[in-house]
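Reminder, nothing fancy here: chain letters follow the sequence lines and each chain counts from 1.
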There are 2 protein chains.
Amino acid sequence: MAQVKNNYQFEDMLQKHNLKKTAPRLRVLSMMYSKNTATSQPDLESVMNDIDRVTLYRILNVFEEKGIIHKVFDLNGTANYAVCHSDCQENHHHDEHLHFNCTACKNVYCLNELNIPKLTLPAGFEPQAFTIYASGLCPKCSKKGTAKTN
Amino acid sequence: MAQVKNNYQFEDMLQKHNLKKTAPRLRVLSMMYSKNTATSQPDLESVMNDIDRVTLYRILNVFEEKGIIHKVFDLNGTANYAVCHSDCQENHHHDEHLHFNCTACKNVYCLNELNIPKLTLPAGFEPQAFTIYASGLCPKCSKKGTAKTN
DNA sequence: ATACAAATGCAACATTATTGTATTTAGAAA
DNA sequence: TTTCTAAATACAATAATGTTGCATTTGTAT
Ligand SMILES: [Mn+2]
Ligand SMILES: [Mn+2]
Ligand SMILES: [Zn+2]
Ligand SMILES: [Zn+2]
């Protein structure tokens with residue numbers, strides 16, 4: 001499920017990345033780590049509506065640069081942010097996992113466990129990174145659809 | 001390479017889909033069919049800058065609905081549009097191919113020939129569609145990088 | 001030729017994102 | 001603890017992308 005971390009750990013994370021411990025940053029970390037799905041920019045903005053929009057963008061950008069979170073666009077092109085589980089470094093991400101976008105609840109899941117099969121591209125193409133998107137029903141929504149509601 | 005079609009064929013396409021033959025639509029078709037890569041919304045807008053922006057959006061939307069083109073977001077979340085090569089029908093696309101986004105020239109290639117491997121998702125997930133993204137260097141750009149420039 | 005639905009063009013607006021700068025603050029140094 | 005400063009936030013302005021409503025124009029069927 002969601003990675004459980006307390007406020008001290010979030011403060012440590014910021015310190016490790018040479019980022020000042022500020023309330024907005026800690027709140028963003030806390031929110032994103034409390035969920036097992038990515039969080040969309042609109043959601044972040046409405047939940048953190050007392051934080052300035054620009055500040056929020058800058059927090060998300062610096063977290064992404066530092067390898068704390070990664071950005072993924074859902075099927076509608078909306079930016080979603082999820083915590084990095086892999087060994088992501090500053091400006092060097094390793095988030096080549098499958099992203100599952102539920103067509104019902106719109107949530108984006110990072111399925112880190114799945115390993116991506118090797119693919120051979122046509123001659124001349126030199127791929128450096130792959131990501132797979134799947135869309136369909138997530139566990140919660142597929143349960144609702146079939147049996148007695150969850 | 002790029003699918004070669006003449007203006008009569010574009011007119012036929014529109015007629016088949018019960019769309020009126022208009023200059024803006026024919027120009028969009030002509031441009032998109034003349035390329036072997038997707039075209040970004042900003043590019044379309046600047047090339048077709050004498051067509052009203054809203055008209056362009058509506059043309060792209062109706063072409064997508066009719067199964068003539070499909071929309072794909074590149075690594076930066078920018079909307080790109082490419083002609084459908086598969087047997088796409090009105091509101092029923094079959095564009096589950098790999099999209100290659102060149103990090104140098106930013107072009108998005110639809111690699112229809114590649115077949116996507118079957119993937120098994122964690123229990124509960126019910127996938128309905130997959131798309132794979134690859135990023136790296138396209139044939140043109142990888143050639144430039146290594147040998148005597150193209 | 002006429003008529004009408006469809007398509008375009010235009011204006012207004014909404015959302016998402018960026019840039020510049022003044023103010024505030026976390027954390028280091030004194 | 002107080003002082004200092006670079007970093008972070010807040011605010012204002014602007015850009016880019018996308019949508020909605022409506023008046024006008026146009027393709028096409030009759
Ligand atoms: Mn992810
Ligand atoms: Mn494609
Ligand atoms: Zn769901
Ligand atoms: Zn290229």
Side-chain angles (χ1 to χ4, degrees), chain A residues 7-8 10-31 38-66 68-81 90 106 108, chain B residues 7-8 10-31 38-66 68-81 90 106 108:
Chain A
N7 211 260
Y8 292 111
F10 295 140
E11 293 187 358
D12 284 348
M13 289 183 58
L14 293 178
Q15 195 160 43
K16 253 174 229 152
H17 290 97
N18 297 308
L19 297 172
K20 288 187 180 174
K21 301 166 197 166
T22 66
R25 286 174 174 168
L26 289 168
R27 284 178 56 199
V28 170
L29 282 180
S30 169
M31 166 164 186
T39 311
S40 71
Q41 183 278 327
D43 279 2
L44 275 164
E45 191 171 318
S46 67
V47 171
M48 310 276 171
N49 61 354
D50 51 331
I51 300 177
D52 186 81
R53 280 171 37 76
V54 178
T55 300
L56 187 51
Y57 277 109
R58 292 206 252 237
I59 288 173
L60 294 171
N61 285 339
V62 74
F63 282 3
E64 196 186 11
E65 281 170 18
K66 296 290 188 176
I68 299 173
I69 64 176
H70 60 281
K71 194 202 296 208
V72 44
F73 296 99
D74 68 17
L75 296 173
N76 302 312
T78 302
N80 282 247
Y81 296 89
E90 176 142 6
K106 313 297 177 197
V108 174
Chain B
N7 211 258
Y8 291 110
F10 295 140
E11 292 186 359
D12 283 349
M13 289 183 58
L14 292 178
Q15 195 161 43
K16 251 174 230 153
H17 289 97
N18 297 308
L19 297 173
K20 288 187 180 173
K21 302 166 197 165
T22 66
R25 284 174 176 169
L26 289 169
R27 284 178 56 199
V28 170
L29 282 181
S30 169
M31 167 162 184
T39 311
S40 71
Q41 182 279 328
D43 279 1
L44 276 164
E45 192 171 317
S46 67
V47 171
M48 310 275 174
N49 60 356
D50 50 333
I51 300 177
D52 187 80
R53 279 169 35 76
V54 178
T55 300
L56 188 51
Y57 277 108
R58 294 204 255 236
I59 288 174
L60 294 171
N61 286 338
V62 75
F63 282 3
E64 196 185 11
E65 281 170 16
K66 296 291 188 177
I68 299 173
I69 65 174
H70 60 281
K71 194 202 295 210
V72 44
F73 296 100
D74 68 16
L75 296 172
N76 302 313
T78 301
N80 283 245
Y81 296 89
E90 176 143 6
K106 313 298 179 199
V108 174

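In this structure, CD1 on A/I69 lies 6.5 Å from OH on A/Y81, to the nearest 0.5 angstrom.
A straight line from CG of B/N49 to C1' of D/dA16 spans 16 Å, rounded to a whole angstrom. Between the CD atom of A/E65 and the P atom of D/dA7 there is a distance of 14 Å, given to the nearest Å. Rounding to whole angstrom units, CG of residue A/L44 and C1' of C/dT16 are separated by 13 Å. Going from atom CG of B/D74 over to atom P of D/dA16 covers 16 Å, rounded to whole Å. Between B/R58 atom CZ and D/dC22 atom P there is a gap of 12 Å when expressed in whole angstrom units. The CG-P distance, from A/D50 to D/dT9, rounds to 13 Å in whole Å. Taking atom OH on A/Y57 and atom P on C/dT16, their separation rounds to 7 Å, with Å as the unit. Atom NZ of A/K21 and atom C1' of D/dA7 are 15 Å apart (whole Å).
Here A/Q41 lies in heavy-atom contact (under 4.0 Å) with sugar-phosphate atoms only.
Between A/P24 and B/N61, it is A/P24 whose nearest contact on DNA chain D lies nearer the 5' terminus. Checking B/D52 against B/K20, the closest nucleotide of DNA chain C that is more toward the 5' end is the one next to B/K20.
For residues 47-60 of chain B, the pairs satisfying side chain to side chain donor-acceptor pair (under 3.5 Å) are B/R27-B/D50, B/Q41-B/Y57, B/E45-B/R53, with sequence neighbours left out.
Between B/T55 and the phosphate of C/dG9, there is a side-chain N or O to OP1/OP2 separation shorter than 4.0 Å. In this model, the phosphate group of C/dA7 is approached by a side-chain N or O of B/R25 to a distance below 4.0 Å at OP1 or OP2. At C/dT25, none of the side-chain N or O atoms of A/T22 fall inside 4.0 Å of OP1 or OP2 (strictly under the cut-off).
For the pair A/R25/A/K20, a side-chain contact is recorded, criterion being any heavy-atom separation below 4.5 Å from C-beta on. A/M31 has its side chain out of reach of A/V28: every pair of non-hydrogen atoms, C-beta onward, lies at least 4.5 Å apart.
Minimum heavy-atom separation, B/F63 to B/L14: CE1-CD2, 3.8 Å.
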